[in-house]
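To find a chain, count down the sequence lines: A is the first, B the second, and so on, and within it residues start at 1.
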2 protein chains.
Amino acid sequence: MVGIDEKDEEILRELRKNGRATLTELGRKIGLSPASIKNRIEKLENLGAIKGYSAIVDPTFLNEFVQAIIEVELLVDNETVDKMLYNISQLDNVVGVYRKTGEFQILIRANFKDVPQLKEFVRNLSAKYLGKNMKRAKVSVIIDAFKENGVVLYKERRSRRRR
Amino acid sequence: MVGIDEKDEEILRELRKNGRATLTELGRKIGLSPASIKNRIEKLENLGAIKGYSAIVDPTFLNEFVQAIIEVELLVDNETVDKMLYNISQLDNVVGVYRKTGEFQILIRANFKDVPQLKEFVRNLSAKYLGKNMKRAKVSVIIDAFKENGVVLYKERRSRRRR
DNA sequence: GCTGAAATTCTGGAGTG
DNA sequence: CACTCCAGAATTTCAGC
């Protein structure tokens, strides 16, 4: 990677684990002054190495009791799909949108209040967004999340069933 | 949700979109003093509503050029699987670990330097972690990420192929 | 949940190697 | 050119209410 050295990588790794780490903290860990850390973070943001920051939130606290994974098989995957996926990405309850290899080309992670809302969402996927291009969708419901975006959610290994 | 009001929900929603928002910013948006925001955030962290904070990092800048989704079908899914999934969650290159409904009960998102590393990982899934309980695995490679952990990655809808 | 003061952190410019 | 130092600004923290 051009223009990226080990210190930059350390910053990226640290921020992935703790996105709210302060410049001073990072400086101590990495061995740079807070001002340098700031310069580097700005550089990393401009380069697109850092896309943004996010808190890992338990969806049930936002009354999102159904967390689903929706895989979509497309008839054709072309540039116009990009725009549709961009539009889907704008939805607040959608957490992740990916294009991938395999039988199902699209994977969407989204949260819902209840199952009817999930059903409505899947209906809208073809009705509003992907149209006839959507061949079929496969829906799974998340039972447990152990790790999310690099953050381990279970602190102990005791058997608990709730997240 | 007990002990959670609308202001708390707003805080959760804001922090999910921008995990590095300052207390002052949040206070302005929500209509509370920075001190109150801080108190509420602490409460939310203690309640487990906020699990952590993370920067959304482009994996290619950390020499993780292969981003994979690995689905695993288990023979039996019982409590001992929890511990194995916990162990898998500890791995640095693993970004997400979920238990879900459907034919494949486990979904793992992980990043790799190259395909041989991915292959090695899948081999280790049965050799080291899940043992004979792993019936089979289905691997997909991520081509494009449009949204990750609530953060939209494509800023415009111009057709770009790189993330 | 507010206020105000103290501590900490952040920021931007000048200077150094 | 990236880093450090330093002073002013902003934020965070903590007390009392």
Between [atom2] of [N] and [atom1] of [X], the distance in whole Å:
X       : N      : atom1 : atom2 : value
A:Leu23 : D:dA9  : CG    : P     : 19 Å
A:Leu26 : C:dC10 : CG    : C1'   : 13 Å
B:Glu25 : D:dA10 : CD    : P     : 13 Å
A:Ile11 : D:dC3  : CD1   : C1'   : 13 Å

Can you see if the side chain of A:Thr22 gets near the phosphate of C:dC10 - specifically, an N or O under 4.0 Å from OP1 or OP2?
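Looking at the OP1 and OP2 atoms of C:dC10, one of them is under 4.0 Å from a side-chain N or O of A:Thr22.
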
OP1 or OP2 of C:dC10 sitting under 4.0 Å from any side-chain N/O of A:Thr24?
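Indeed, a polar side-chain atom of A:Thr24 lies that close.
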
If the condition is side-chain hydrogen bond (donor to acceptor under 3.5 Å, both in side chains), which residues does A:Glu14 pass it with, not counting sequence neighbours?
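A:Glu14: side-chain hydrogen bond (donor to acceptor under 3.5 Å, both in side chains) contacts with A:Lys29.
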
With no hydrogens and no angle check, is any side-chain donor or acceptor of A:Asn111 less than 3.5 Å from a backbone partner on A:Asn93?
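No.
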
If you measure from the Lys or Arg side-chain nitrogens to the Asp or Glu carboxylate oxygens, is any gap between [X] and [Y] under 4.0 Å?
X       : Y        : answer
A:Glu71 : A:Lys100 : yes
A:Arg16 : B:Glu64  : yes
A:Arg40 : A:Asp5   : yes

Mind running a 4.0 Å heavy-atom check of residues 32-42 of chain A against DNA chain D and sending the residues that fall below it, in number order?
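Hits under 4.0 Å, by residue number: A:Leu32, A:Ser33, A:Ala35, A:Ser36, A:Arg40.
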
Between B:Arg20 and B:Lys7, which has a closest nucleotide on DNA chain C that is more 5'?
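In this pair, the answer is B:Lys7.
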
Please tell me whether B:Tyr98 and A:Gln67 have a donor and an acceptor in their side chains that are separated by less than 3.5 angstrom.
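Their side chains do not contain a donor-acceptor pair, so the 3.5 Å distance test is not met.
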
